[in-house]
Trainee: 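Structure incoming, see below.
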Amino acid sequence: MVTAMAKTELSTDVLIIGGGAAGAVAAIKAAQEGADALVVTKGPYPSGNSSIALAGYAVALGHSDPRDNTQVHYDDIIRAGNGLNNQKLVRKWVSEIVDITWEMDSWGIDLIKEGDKFAQRPWEGHTYPRMVHHHLTTGKAVMQCLARKSDELGVKSVGHTIIAGLLKSDGRIAGAWGINYRTGELVVINARAVILTTGGMGHLFPLTDNVAAVTGEGYALGFDAGAELTGMEFCHFLATPCYPDKMRVRYAFMRYVNGLINEAGAKLYNGLGERFMLKQYPETAERGKNGEDMTKAIGMEICEGRAGAHGGVYLDVSGVSEEMKTNEFAQVWDTAARAGVDLSYQPIELAPYPHDLVGGIKIDEMAATNVPGLYAAGEAAGGSHGASRFGGGALSEAMAYGAIGARAAASYARELGQHLPPDEGQLADAVSRIEGLLAPKEGIPPAELKHSIQSVAHNYINIVENEEGLTKAIQELEHIEKQMLPEMSAWSDNEKERISKLRESLEVTGQLETAKAMAIASLHRTESRGGLFGGHYRSDYPDKDNENWMKNIILKKETDGISLSLESPVTED
């Protein structure tokens, strides 16, 4: 019987859900504040998307150019956010990341230096060179440093566990529950405060460069507990091969797409054989476009029904010279050859994929949500970036608010005193939910629902959208929720497979909630607004409308659905 399943009960002051850079910094800082901190993560600790960050992160040290400072960094972020940033969040971010960087330096972080100063590389959108880095393995250097410091402080962690719900008592956070997907145990954690650092939602889509554990249910965790969401319509997409299958999300290819077009003369064609960039940009065609503009143009063709046979647009590399094939772009041809693809005659189709979500759980400058005891940081949180961000901003902001949130959560836990007993009814509901997933021996497997949700997201909630598609997305997601979700079954005669399907079932439920929130916000914002990396683009409302849309869309879960309100961006005044 499910009610007799093994159960692990834990207790802590501050529970951190998610083990990337935001979660690791939060755990370290909470421990330094004297709080008992516990990290729960779906993978090992630390892990997550932060570990695969490449080029660096932004911090205004002024080492490569002494004119740089936190005010210039602040101004750059506000400009990139297209008017929708919470200015108070940004002000604390640019200051906090300076302190964190110097502190990590004292912990021995392996970033490139020139003498006693950090090497800072230039990056698009930054006024001065600002990216500290370890060549193209910055995330690895950051996470290794945070892992060593966590070990030194004795940070406790529980790995391979998916948190499926937050527990509350009299409106305040009291802990969380989940499943250890290796043992099948029910895990119940009593906590004075919780920090959500669950990352983004890459695997809500069929194409993504995110690590496998980043599936998007973290937003639903906060949403279901009463937290508000902001900016869920703003997402950063990139272009990658969607066909042939063996070329899907190949980093070597993704990295060189812009170069193939701008330097080597590759061309783009839609499914009708039209060189659509000439239509959109008669003077320049493909040349000179940044990644955002190029991906948006590809998305426009797909949104308006002019995709190729496999849902993308065609990349024609026939004009690339032999010299470039064997020199600058040799890795592209080598990667294709290893995948069994001959680029001399086999077409490559490109489609947009989500790199990161710009919005998220709404927080204030202490990383607090509107739910007492609940905090959020990293990609799970929203408000700092506004409508768009630039390179190096995600990791920088994640670490800054991991630290800020940890101090606030530790202080809250101290003031709260004793643990709040969770509502026993919530624990009973948790067990009942598991029973409901395992009781039917036959039903729809979670993988089928996941595929359905991913198809809706890819087809209608992509970089370019319109009213017809978004309306259809909401209808199809509601159909999945009402007709398919009740029929979902995680049962298998094989115990290992049963536990794995249970994990996937819990992920799917949250993914559905996140997809709905994204679609609703995107449908409501009747304008296009974007920047360097990310935005919201409507083919039926192609222009930015500052008169009506210098507002943030705030979503809140109600007993009868999702409510929507508009708020002016928070200013420092």
Trainee: Could you list all the ring pair (Phe, Tyr, Trp, His ring centres under 6.0 Å) pairs where at least one residue sits in residues 358-410, not counting sequence neighbours?
Mentor: W93-H385, H126-F390

Trainee: Distance under 6.0 Å and angle within 45° of the ring axis: does R91 meet both against Y74?
Mentor: yes

Trainee: Can D364 and K88 be counted as an ion pair, charged N to O under 4.0 angstrom?
Mentor: no

Trainee: Say whether, by atom type as modelled, one donor and one acceptor occur between the side chain of T514 and the main chain of G510 under 3.5 angstrom.
Mentor: yes

Trainee: Any sub-3.5 Å donor-acceptor pair from D105's side-chain atoms to T101's backbone N or O?
Mentor: no

Trainee: So does V155 get a backbone contact from the side chain of S150, meaning a donor-acceptor N/O pair under 3.5 Å?
Mentor: no

Trainee: List the steps, then state whether side chain to side chain donor-acceptor pair (under 3.5 Å) holds for H355 with D209.
Mentor: CA-CA 6 Å; H355 182 61; D209 60 354; 2.8 Å; yes

Trainee: One thing to verify: whether R389 and E397 come together as a salt bridge, which I'm taking to mean a side-chain N less than 4.0 angstrom from a carboxylate O.
Mentor: no

Trainee: What do you reckon, is CZ of R414 surrounded by more than 12 foreign heavy atoms closer than 6.0 Å?
Mentor: yes

Trainee: Quick one: list whatever passes side-chain hydrogen bond (donor to acceptor under 3.5 Å, both in side chains) with D99, sequence neighbours left out.
Mentor: none

Trainee: For D170, does the CG atom have more than 12 heavy-atom neighbours from other residues, nucleotides or ligands under 6.0 Å away?
Mentor: no

Trainee: Salt bridge between R525 and E233, side-chain N to carboxylate O under 4.0 Å?
Mentor: yes

Trainee: Using the side chain to side chain donor-acceptor pair (under 3.5 Å) rule, take Q511 and T215 through it: C-alpha gap first, then chi angles, then the decisive distance, then the call.
Mentor: CA-CA 7 Å; Q511 286 181 305; T215 48; 4.9 Å; no

Trainee: How about CD on E495, more than 12 heavy atoms from neighbouring residues, nucleotides or ligands closer than 6.0 Å, or not?
Mentor: no

Trainee: Could you tell me which non-hydrogen atom of F533 sits nearest to which non-hydrogen atom of G391, and how far apart they are?
Mentor: CE1-N, 2.8 Å

Trainee: Excluding sequence neighbours, so at least two apart, what forms side-chain contact (heavy atoms from CB on, under 4.5 Å) with E228?
Mentor: K362, N370, I554, K556

Trainee: Is the closest basic N to carboxylate O distance between E152 and K149 below 4.0 Å?
Mentor: yes

